[in-house]
Enquirer: 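Okay, handing you the structure first.
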Amino acid sequence: MSEATSTIYDRAAGDWARNEPVLLSDYTARPFVFRACEPLAGKSVLDLGCGEGYVARTLAAKGTSRILACDISAGMVEKARESEARAPLGIEYMVGDASADLEVSDASFDLAIAVFLFNYLDTTQMLRVMRTAHRALKAGGRFIYTVPHPSLPFLRPMEQPFYFDRGSHGYFSGRNQLFEGRIWRRDGVDVPVRCVHKTFADYFDCLAQAGFTKLPKVVELRATEEHLALDPRFFGPLADQPLHVLFELER
Ligand SMILES: C[S@@+](CC[C@H](N)C(=O)[O-])C[C@H]1O[C@@H](n2cnc3c(N)ncnc32)[C@H](O)[C@@H]1O
């Protein structure tokens, strides 16, 4: 049986803790999330699968009024709380399963985010999180999330700086199957990541079932020309490949 996600993250929490871009996806995904989340001044934010708080801290620095952040790994939340104790930003952290019934009030947040959470969940669990996000958002509030690109495990070799091992699974036969992977930091350290594979249509089907009725904005994220110029050795193997997808929805 595969190890629990919380155990993996409890163990890797020290390698995730950061206050500046370190991991590949700190360059190729999170800056695009930060931009999509603007404007943030005075906004309330629910961060689902917050990890050690890198994203929450970055958003809080832009003037949010409240951030409630939740993660299933006690080790990651401990790191987040250590950081909050060192440099308080008023972020509330809780240990919890975002796919279970979370204690969040209805219609109370301007923005809900889930940055690389859904790759740890199957479609049933993802639907539960999407329902929570929909319920927690005010009318007109936004839901922003990123996931690994569904094609990535089928396009990339099992090499640095990012891969998932799809084994013998195909794009459709691999639905809801767990692919283990690794993602690298620019300093050469690699950390474990997981992808419970979903097709592109799964995201749209679950969003509709969760109550989101407006078309999402969808951005397929990649290593840009700027990334390739910044560090050709690190980003070069990813040129012209789809890496992540950013979804932006309005309630
Ligand atoms: C790739 S990390 C991303 C963390 C953070 N969002 C970021 O971008 O830095 C995924 C996080 O999801 C958390 N996670 C996985 N399953 C979860 C669940 N059911 N409920 C809450 N958090 C979960 C993991 O513990 C891990 O911290």
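One-based numbering, in listed order, for ligands and for the atoms of each. Note: hydrogens, waters and symmetry copies are ignored here, and every other heavy atom, side chains too, is used.
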Enquirer: Dump the intermediate steps for ring-ring contact (aromatic ring centres under 6.0 Å, His included) on Phe154 and His197, then the final yes or no.
Expert: CA-CA 11 Å; Phe154 304 94; His197 173 62; 5.1 Å; yes
Enquirer: Considering both backbone and side-chain atoms of Asp71, is one of its nitrogen or oxygen atoms within less than 3.5 Å of a nitrogen or oxygen in ligand 1?
Expert: yes
Enquirer: More than 12 non-hydrogen atoms from neighbouring residues, nucleotides or ligands closer than 6.0 Å to CZ on Arg222, yes or no?
Expert: no
Enquirer: Using a strict 4.0 Å cut-off to heavy atoms of Gly96, name the atoms of ligand 1 that fall inside it.
Expert: 20 (N), 21 (C)
Enquirer: Looking at ligand 1, is there an atom of it that comes within less than 4.0 Å of some heavy atom belonging to Cys50?
Expert: yes
Enquirer: Please confirm whether Ile72 comes within less than 3.5 Å of ligand 1 when only nitrogen or oxygen atoms on both sides are compared.
Expert: yes
Enquirer: Ring of Tyr54, cation from Arg18 - is the NZ or CZ under 6.0 Å from the centre and inside 45° of the axis?
Expert: yes
Enquirer: Where is the nearest protein heavy atom to atom 10 (C) of ligand 1: which residue, which atom, and how far?
Expert: Phe116 O, 3.4 Å
Enquirer: Which ligand 1 atoms are under 4.0 Å away from a heavy-atom of Asp97?
Expert: 18 (C), 19 (N), 20 (N)
Enquirer: Has ligand 1 got any nitrogen or oxygen that is less than 3.5 angstrom from a nitrogen or oxygen of Val115?
Expert: yes
Enquirer: Distance only, no hydrogens: is a donor on one side chain within 3.5 Å (strictly under) of an acceptor on the other, for Thr28 and His227?
Expert: no
Enquirer: Using distance alone, decide if ligand 1 has a nitrogen or oxygen within less than 3.5 Å of any nitrogen or oxygen in Gly49.
Expert: yes
Enquirer: Considering distance alone, does some N or O of Ala98 sit under 3.5 Å from an N or O of ligand 1?
Expert: yes
Enquirer: Could you tell me whether Arg194 and Glu180 make a salt bridge, using a distance below 4.0 angstrom between a side-chain N and a carboxylate O?
Expert: yes
Enquirer: Any chance the side chains of Thr199 and Asp202 put a donor and an acceptor closer than 3.5 Å?
Expert: yes
Enquirer: Just going by heavy-atom distances, which of Val77, Leu102, Thr5 is nearest to atom 15 (C) of ligand 1?
Expert: Thr5
Enquirer: Checking a contact table here: which protein heavy atom is nearest atom 2 (S) of ligand 1, and how many Å away?
Expert: Tyr9 OH, 3.4 Å
Enquirer: Using a strict 4.0 Å cut-off to heavy atoms of Leu121, name the atoms of ligand 1 that fall inside it.
Expert: 19 (N)
Enquirer: Output the list of atoms in ligand 1 that are nearer than 4.0 Å to some heavy atom of Met76, sorted by atom number.
Expert: 27 (O)
Enquirer: Does the N or O separation between Trp16 and ligand 1 drop below 3.5 Å for any pair?
Expert: no
Enquirer: So, the side chain of Asp10 versus the backbone of Gly75: is there a donor-acceptor pair under 3.5 Å, distance only?
Expert: yes
Enquirer: Can you check ring-ring contact (aromatic ring centres under 6.0 Å, His included) on Phe143 and His134, steps first, answer last?
Expert: CA-CA 8 Å; Phe143 180 35; His134 188 267; 9.5 Å; no
Enquirer: Just to verify, which of Phe118, Phe32, Tyr203 counts as forming a ring-ring contact (aromatic ring centres under 6.0 Å, His included) with Phe247?
Expert: Tyr203
Enquirer: Using a strict cut-off of 4.0 Å, indicate which atoms of ligand 1 neighbour a heavy atom of Val55.
Expert: 7 (C), 8 (O)
Enquirer: Using distance alone, determine whether Arg30 and ligand 1 share an N or O pair under 3.5 Å.
Expert: yes
